[in-house]
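All heavy atoms count here, side chains included; hydrogens, waters and symmetry mates do not.
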Amino acid sequence: MTESFRRSGEYPQGDHHGSAYPEQQSHPSTPVNPEWPPPPAYDPAGPVHVEPGTTVWPGSGQGGNGGGGHAAGPYAGYPEPDPVGSTAAFATVAPGGPGGPGHTAPPAASAGKRRAKGPFALLAAVAIVAATIGGGTAYAFQELTGNDTVASSSSTSTNVVPTSQRGTVSGVAKAVSPSIVEIGATSNAGSSTGSGVIITTGGEIITNNHVVSGASDIKVQLSDGKSYSAKVVGTDSKKDLALIKLDSAPSGLKPATLGDSDGVQVGDQVVAIGSPEGLTGTVTSGIVSALNRDVTVSTDESQGQQQNGGGSGQWPFEFGGRQFNGDTGSSTTTYKALQTDASLNPGNSGGALIDMNGNIVGINSAMYSAASDSSSSSSSAGSVGLGFAIPINTVKSDLATLRAGGSDS
């Protein structure tokens, strides 16, 4: 009788201390589970007992505690099979071991494959997160500020008006009125009332030259009703512009946002804010009627006051070969203007023409009132929808000259 002998413990069956392939025999007729990986050419190393709290990943060849120890998996000491298509399984021992509470080590990468992808994947993830945060931060900042905190915009698309009121006259009025002031100027020739636009938190105000030129005393009334003294910084009679500054500017001034008049089109809705006949903060609306109108005004600093004997000061101008509001005199200048049918009256001079996003697109400078004709009765007084504004791009290009004293200095 032939017997098969084996040494004790050589091929244990059902023992948890057995080989990594407990049911696999060397006999060729023994069936092999197709899900098992092929056995190595020689016996693998035996299992390693680990401390509680350590996570062991099969085939990793390393312990999960990162402490330099090695935990042997089924392939310890041998090349691992390609992980593609295989399912990674891991066991976590109770917390408190060398790896710390809940410590889980990631699966080891196959030779060079996953490690090569790691840096690129990390860079891609960082780039995506950075782009998301950057865009989100910019968007959140724009929404929180409602527009720009600067006094100048390179386009007419800057939104000064809150989103819920965008495109409405009331929204524009609420957003921009704090930036519009009333100006009272006194000179030897008389007095006049006009308007102005705050352009810096330091109290710089843009207005028309004919409102303040030759003035010995200038008073500025803010939208809150408080009055301050101001001085002329510079004037440019050729463009009918002037820059004044409050002597003691209060904190909290709200500068207007200067838009881009080159983007204005005929038919665009606009809002005018000023102090016609001394009625501070009056709001009217209309459209842009025409572009690049040649408007001729007097450069004589007292011309308007002499014509009207003081009061609001109806500034004479010429347009289309005709004179309006009196005689412009012999000293004149011509500039390109925006024409609007928004109601303008004496006292609107130097005020703002505003687009529906709240950007200043023009400084109102000339308006025709039928009451200025000697043949007209008082019942016909008021705006007839013929007003003109100096394009804001002309103003922006002249600011450096005005700050330096102006072209008339």
Side-chain angles (χ1 to χ4, degrees), residues 147-158 160 176 179-181 183 194-213 230-245 253-266 268 270 272-274 288 290-299 301 315 317 319 331-340 344 348-355 357-366 387-409:
N147 170 11
D148 292 331
T149 55
V150 297
S152 181
S153 169
S154 60
S155 70
T156 57
S157 61
T158 302
V160 180
V176 185
S179 304
I180 311 302
V181 302
I183 299 174
S195 306
V197 180
I198 300 171
I199 60 172
T200 65
T201 56
E204 285 186 330
I205 298 170
I206 198 75
T207 186
N208 285 142
N209 173 66
H210 71 261
V211 172
V212 298
S213 61
K231 294 288 190 297
V232 173
V233 176
T235 59
D236 186 348
S237 60
K238 299 296 183 183
K239 295 183 176 68
D240 196 16
L241 291 172
L243 182 68
I244 65 174
K245 187 174 183 179
L253 290 178
K254 182 179 180 181
T257 298
L258 309 185
D260 179 12
S261 52
D262 288 344
V264 174
Q265 299 181 23
V266 173
D268 283 352
V270 286
I273 304 179
V288 174
L291 306 174
N292 300 316
R293 293 297 200 191
D294 289 325
V295 175
T296 300
V297 298
S298 176
T299 57
E301 64 185 32
W315 185 240
F317 69 96
F319 170 69
S331 178
T332 62
T333 185
T334 301
Y335 57 81
K336 299 289 185 180
L338 302 175
Q339 182 181 332
T340 179
L344 301 178
N348 274 113
S349 291
L353 190 68
I354 314 158
D355 69 17
N357 290 323
N359 301 289
I360 311 298
V361 294
I363 299 298
N364 299 321
S365 58
F388 300 93
I390 301 168
I392 202 63
N393 285 4
T394 300
V395 177
K396 291 193 289 187
S397 66
D398 204 34
L399 277 178
T401 299
L402 293 171
R403 286 177 173 139
S407 61
D408 299 323
S409 59

V297 versus T332: any side-chain heavy-atom pair under 4.5 Å? no

Test of understanding: with salt bridge (charged side-chain N to carboxylate O under 4.0 Å, His left out), list the residues that count as partners of R403, not counting sequence neighbours. E204

Shortest non-hydrogen pair, Q265 vs V288, comes out as O-CB, 3.7 Å

Derivation and outcome, side-chain contact (heavy atoms from CB on, under 4.5 Å), residues I360 and V176: CA-CA 9 Å; I360 311 298; V176 185; 4.0 Å; yes

Using the rule given for side chain to side chain donor-acceptor pair (under 3.5 Å), can you reason through S407 versus D236, listing the C-alpha separation, both sets of side-chain angles and the distance that settles it, and then say yes or no? CA-CA 5 Å; S407 61; D236 186 348; 2.8 Å; yes

Atom of I180, atom of A352 and distance for their closest heavy-atom approach: CD1-CB, 3.6 Å

Closest heavy-atom pair, P391 versus A337, reported as atoms and distance to 0.1 Å, is CD-CA, 4.1 Å

Is N348 reaching over with its side chain to a backbone N or O of G351, donor-acceptor style, under 3.5 angstrom? no

Under the side chain to side chain donor-acceptor pair (under 3.5 Å) rule, collect the residues that match up with T333, sequence neighbours excluded. none

Within this structure, what is the CD1-CD1 distance for the pair I244 and I205, rounded to the nearest 0.5 Å? 4.5 Å

Nearest 0.5 angstrom please: L241 CG to S213 OG, how far? 12.0 Å

Please report the shortest heavy-atom distance between I199 and I206, naming the atom on each side. CG2-CG2, 4.1 Å

If you count every heavy atom of other residues, nucleotides or ligands that lies below 6.0 Å from K254 atom NZ, does the total exceed 12? yes

side-chain contact (heavy atoms from CB on, under 4.5 Å) assessment of V270 paired with I354: CA-CA 5 Å; V270 286; I354 314 158; over 6 Å; no

Search all heavy atoms of A272 against all heavy atoms of L353 and return the closest pair with its distance. CB-CD1, 4.4 Å

T296: what forms a side chain to side chain donor-acceptor pair (under 3.5 Å) with it, not counting sequence neighbours? T334

Shortest non-hydrogen separation from D260 to I392 and the atoms involved: N-CG2, 4.2 Å

N359 vs L258, side-chain contact (heavy atoms from CB on, under 4.5 Å): CA-CA, chis, key distance, verdict: CA-CA 6 Å; N359 301 289; L258 309 185; over 6 Å; no

With D408 via side-chain contact (heavy atoms from CB on, under 4.5 Å) - residues at least two apart: N209, T235, S237

Supply the atom-to-atom distance K239 NZ to T401 OG1, rounded to the nearest 0.5 angstrom. 7.0 Å

Less than 3.5 Å apart, any donor N or O on the side chain of D262 or N393 sitting next to an acceptor on the other? yes

Verify side-chain contact (heavy atoms from CB on, under 4.5 Å) between Y335 and S365, making sure each step is shown before the conclusion. CA-CA 11 Å; Y335 57 81; S365 58; 2.7 Å; yes

How would you list, by chain and number, every residue that makes a side-chain contact (heavy atoms from CB on, under 4.5 Å) with S195, sequence neighbours excluded? S275

Only counting residues at least two apart or in another chain, list the ones meeting side chain to side chain donor-acceptor pair (under 3.5 Å) with D240. H210

Residue set satisfying side chain to side chain donor-acceptor pair (under 3.5 Å) with D268, at least two apart, ordered chain then number -> none

Any chance the side chains of T299 and S331 put a donor and an acceptor closer than 3.5 Å? yes

Residue pair V197 / I363, side-chain heavy-atom distance below 4.5 Å: yes

Does some side-chain heavy atom of L243 sit less than 4.5 Å from a side-chain heavy atom of T207? no

Ring pair (Phe, Tyr, Trp, His ring centres under 6.0 Å) against F319, all qualifying residues, sequence neighbours excluded: F388

Mind checking side-chain contact (heavy atoms from CB on, under 4.5 Å) for K231 and listing every partner two or more places apart, or none if nothing turns up? D247

Just jot down the side-chain contact (heavy atoms from CB on, under 4.5 Å) partners of A404, sequence neighbours excluded, or say none. none

